[in-house]
Asks: 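Take this structure first; my questions come after.
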Amino acid sequence: MKINHIASLVNFILISLIVLLGLQFQTQVGYAETNATSDNAKAQKQDNAQAQNQTETKPQPRLLVVPLDNRPANTYYPKKVGQAGGVEVILPPQSLINHQTASDTLDQLSAWILENSDDVDGFIISADMLTDGGLVDSRTSKQTTDGALQQLQIIKALKEKYPTKPLYVYDTIQRLAPTVLKDGNLEKYNLIRDWAITYDEVKNLNKIGQTTKLIQLETKIGSNLIDEYRQIRARNNTINATLIDWTKQGYIDYLVLGQDDANQTGLHREEHENLIQKINFSNIQHKVSVFDGADEVDVILVSRFLSTLKNYQTSFKIHYLGVSGTEWISPFDHYTLQTNIAKHVIAAGGIIVSPSQQANIEVYVNTPNTLAKNNDAMQNLLSTNIEKNDEATVSINDEVSQAVAEIKRQIANGKHVVFIDVEKVNQANQAYGDAIINDIGITNLLSYSAFNTAGNAIGTAIGHANSRFLYLEKGPQTPDIDESAAKGHIEFLLNSISSDHIYRNKVAPKTEWYVRYIGGNAWDIGPMKKSVLFFTNEQFNKEFDLLHAKVKGSKVLLSKKTGSTAEIENFSIQKIDMPWNRLFEIEFDFGVNLKDRNEK
């Protein structure tokens, strides 16, 4: 009995030990499984973080641009607008786009395109640059029709090699007049432009009363010059038609034909209408845009590239501050302003909505107070009358105040606002320009432009605004790219207000006086460029302090998704230049420093 009790006790102890050992083993296994699960979770988390980081640090899109020429509008503008939209714009070396027309240089440009084509995500190509070396030389007889078509073959080669990369091409419908490079060419400019208009009116529109004028112009110009002019037009028209064919065949994803400085009548009119008919007959209206303007097309197509990339169609609402765009045709154009705006918006990848609809972007367009044509259009291209502009400031002061108040309300309500000034050619309205600096705040606008002709100003502002909007609303990337894009946006705004308003209204008149005083030529300052730039720089610096005081400390939105902002600590002028040695266009380059980045 006692032995049985002892045996039972031993069995109990052994069973207990086995149970305890089993429990310990299970605990250890469970602990190991828990650790394994934890380790797996950590590894998965690290993998996810790495994948997310790889997504976030994906290289920003790169866009190869062969510009119309090497002026700021066609190089600096698309580069900065691309930066504002988070796109790196790749431009050819200056040596390949610097007024070069030799065939070997054009061949070198084609070779450069192919060498860099693997490393980009899309292409924007100016046919004028490919065929002739730029806009100015496309108006000369240096290139034959066969030679021009041969230079264009690179377009086909690119599409065949990269069928999925967006390929946008643009060409110009030749303007009515030759280029004005020196004062001595102004008479030639006016005579040929006048003849081209009169010829169309007499021969095609049956205005017989103009016959005597036509004969007088032809006698004064001479048959040799007229024949050469017509041959050049015929060659360029053949190129336009060929590009339409290639668009139909799928070699070009989107084609823009920009009507260079024109008129409601002239030799361009019939060419223009025939090209439209060809587009309609080919049923490719959705792949081709024809509008008034040329220098803005690079910016427009940068915007279109971003719209395609983000798969988004931005909506724009138009507000006119003077006469309605439905009625007014601006100088050098032949479409109504409203039609020209609509064509630019569509080409940029956007859409216009009615006044009753909500829009992504509100566009305010300063137009004249009357439908009277601006008879001083050519004069405005050549110089600026500061006294005349001061009188205009006084007469529309109340209207300016009302418009400024409305724009400020829109901004306060969180709206994206664009201001476009097309009241005069190549001259901003001084009252609005001052109000934007002093009252509205240039950095509060999504874009501003009063650049050159109406088409130039429209396209520049619409393209910039859409690119920046798409980045803020659809494309934040990394903090570094957010900051770079914000800097590009602000620097472009500063450039626009400085070149289109401050320079044109306040500095250029004094610089023109100085050039005359030292016996120089406003269209060719080459021999005196250093002195002229020094004077211009001194005059601009007097205005710079006010601009800096108004902009410094402004808040800049870096990313709408994260709500991050930064403050403009300061900015400096890194460059003032007149790249074509004439007062007509000026190049500013600003460097902006940001601080106090805040995340919400």
Side-chain angles (χ1 to χ4, degrees), residues 71-73 75-77 80 380-390 393 419 421 424 426-443 445 448-452 457 460 487-518 520-526 528-554 568-593:
R71 288 173 297 158
T75 52
Y76 179 86
Y77 285 20
K80 283 296 172 184
N380 284 340
L381 282 173
L382 298 172
S383 63
T384 305
N385 187 331
I386 193 68
E387 293 178 359
K388 183 177 180 181
N389 214 43
D390 284 340
T393 299
F419 191 94
D421 195 339
K424 295 180 181 179
N426 205 39
Q427 183 178 2
N429 179 293
Q430 185 169 332
Y432 277 118
D434 287 342
I436 286 169
I437 293 173
N438 299 321
D439 200 1
I440 295 173
I442 182 64
T443 58
L445 293 176
Y448 167 87
S449 184
F451 168 52
N452 208 3
T460 300
K487 284 184 177 181
H489 170 62
I490 297 300
E491 287 165 2
F492 191 68
L493 282 172
L494 293 173
N495 176 86
S496 295
I497 197 70
S498 296
S499 59
D500 300 352
H501 167 50
I502 297 175
Y503 173 73
R504 185 57 54 182
N505 283 323
K506 303 182 179 184
V507 176
K510 298 172 185 176
T511 302
E512 290 168 6
W513 170 87
Y514 176 73
V515 169
R516 290 193 299 269
Y517 176 77
I518 61 177
N521 179 349
W523 290 101
D524 184 12
I525 64 168
M528 304 170 178
K529 184 173 182 177
K530 187 174 182 180
S531 175
V532 173
L533 285 177
F534 180 83
F535 180 87
T536 302
N537 194 32
E538 288 292 304
Q539 296 302 313
F540 184 79
N541 280 336
K542 295 177 181 178
E543 306 293 336
F544 175 81
D545 290 342
L546 175 61
L547 179 65
H548 191 273
K550 293 294 182 179
V551 172
K552 181 180 178 181
S554 300
I568 299 177
E569 182 176 18
N570 56 55
F571 61 90
S572 59
I573 309 172
Q574 298 181 338
K575 182 180 182 181
I576 295 181
D577 193 17
M578 296 172 185
W580 277 21
N581 291 342
R582 60 186 191 179
L583 303 189
F584 181 71
E585 58 262 308
I586 191 164
E587 179 179 8
F588 289 99
D589 193 2
F590 289 91
V592 172
N593 295 316

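Just so you know, residue 1 is the first one in the sequence shown, and it goes up from there. For clarity, every value in this text was computed on a predicted model and none was experimentally measured. Atoms considered below: every heavy atom in the structure, side chains included; atoms not considered: hydrogens, waters and symmetry mates.
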Asks: Taking all heavy atoms of Lys80 and all of Phe492, pick out the closest pair and write down the distance.
Replies: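 Closest approach of Lys80 to Phe492, heavy atoms only: CB-CD1, 3.9 Å.
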Asks: From Leu583 CG over to Tyr503 OH, what is the distance, rounded to the nearest 0.5 angstrom?
Replies: 4.5 Å
Asks: Return the OG to CD1 distance between Ser554 and Ile442, rounded to the nearest 0.5 Å.
Replies: 10.5 Å
Asks: Among all residues two or more places apart in sequence or in another chain, which pass the salt bridge (Lys or Arg N to Asp or Glu O under 4.0 Å) test with Asp439?
Replies: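 Result, salt bridge (Lys or Arg N to Asp or Glu O under 4.0 Å) vs Asp439: Lys408.
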Asks: What's the separation between atom CE in Met528 and atom CD1 in Ile518, rounded to the nearest 0.5 Å?
Replies: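 Interatomic distance, Met528 CE to Ile518 CD1, rounded to 0.5 Å: 5.0 Å.
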Asks: Return the minimal non-hydrogen interatomic distance between Asn429 and Asp421, and the atom names on each side.
Replies: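 Scanning both residues, the minimum pair turns out to be N-OD2, 2.6 Å.
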Asks: For Ser499, which residues count as a side chain to side chain contact (heavy atoms under 4.5 Å, CB included) partner, sequence neighbours excluded?
Replies: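 With neighbours one apart ignored, the set is Tyr77, Asn495, Ile586, Phe588.
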Asks: Only pairs at least two apart or in different chains count here, so list each salt bridge (Lys or Arg N to Asp or Glu O under 4.0 Å) that has a residue in residues 429-438.
Replies: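 For residues 429-438, and leaving out neighbouring residues, the salt bridge (Lys or Arg N to Asp or Glu O under 4.0 Å) pairs sorted by first residue read Asp434-Lys506.
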Asks: Would you please name every residue forming a side-chain hydrogen bond (donor to acceptor under 3.5 Å, both in side chains) with Asn438, sequence neighbours left out?
Replies: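 Not a single residue meets the side-chain hydrogen bond (donor to acceptor under 3.5 Å, both in side chains) criterion with Asn438.
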Asks: Identify all side-chain donor-acceptor contacts of residues 536-545 below 3.5 Å with residues at least two apart in sequence or on another chain.
Replies:
unit_1 : atom_1 : unit_2 : atom_2 : d
Thr536 : OG1    : Thr511 : OG1    : 3.3
Thr536 : OG1    : Val532 : O      : 2.9
Asn541 : ND2    : Asn537 : O      : 3.2

Asks: Sequence neighbours excluded, which residues qualify as side chain to side chain contact (heavy atoms under 4.5 Å, CB included) partners of Lys530?
Replies: none
Asks: Not counting sequence neighbours, which residues clear side chain to side chain contact (heavy atoms under 4.5 Å, CB included) with Ser572? List them please.
Replies: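 For Ser572, the residues satisfying side chain to side chain contact (heavy atoms under 4.5 Å, CB included) (neighbours in sequence not counted) are Gln574.
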Asks: Excluding sequence neighbours, so at least two apart, what forms ring pair (Phe, Tyr, Trp, His ring centres under 6.0 Å) with His501?
Replies: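 His501 satisfies ring pair (Phe, Tyr, Trp, His ring centres under 6.0 Å) with no residue once adjacent residues are dropped.
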Asks: By side-chain hydrogen bond (donor to acceptor under 3.5 Å, both in side chains), which residues pair with Asp500, not counting sequence neighbours?
Replies: none
Asks: To the nearest 0.5 Å, how far apart are CZ in Phe590 and CD1 in Ile490?
Replies: 12.0 Å
Asks: If I take atom CD1 from residue Ile437 and atom CD1 from residue Ile497, how far apart are they, to the nearest 0.5 angstrom?
Replies: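 Reported value, rounded in 0.5 Å steps: 4.5 Å.
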Asks: Compare all side-chain heavy atoms of Trp523 with those of Val515 and state whether any distance is below 4.5 angstrom.
Replies: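 Counting from C-beta outward, Trp523 and Val515 never come under 4.5 Å.
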Asks: Can you check side-chain contact (heavy atoms from CB on, under 4.5 Å) on Lys510 and Phe535, steps first, answer last?
Replies: CA-CA 9 Å; Lys510 298 172 185 176; Phe535 180 87; 4.2 Å; yes
Asks: Look up atom CZ in Arg516 and atom CG in Asn521, then write down how far apart they are to the nearest 0.5 Å.
Replies: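 One gets 11.5 Å once the value is rounded to the nearest 0.5 Å.
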Asks: Under the side-chain hydrogen bond (donor to acceptor under 3.5 Å, both in side chains) rule, collect the residues that match up with Lys487, sequence neighbours excluded.
Replies: none
Asks: Donor-acceptor pair, distance only, cut-off 3.5 Å: does the side chain of Gln427 make one with the backbone of Arg504?
Replies: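 The answer is no, because no donor-acceptor pair under 3.5 Å joins these two groups.
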Asks: Excluding sequence neighbours, so at least two apart, what forms ring pair (Phe, Tyr, Trp, His ring centres under 6.0 Å) with Tyr76?
Replies: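 Once residues adjacent in sequence are excluded, Tyr76 has no partner under the ring pair (Phe, Tyr, Trp, His ring centres under 6.0 Å) criterion.
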Asks: Give the minimum heavy-atom separation between Glu585 and Trp580, together with the two atoms involved.
Replies: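 Nearest pair, atom of Glu585 first, then Trp580: OE2-CB, 3.8 Å.
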Asks: With sequence neighbours left out, write down each residue that passes side chain to side chain contact (heavy atoms under 4.5 Å, CB included) with Asp577, or none if nothing qualifies.
Replies: Lys529, Leu533, Lys575, Pro579, Glu587
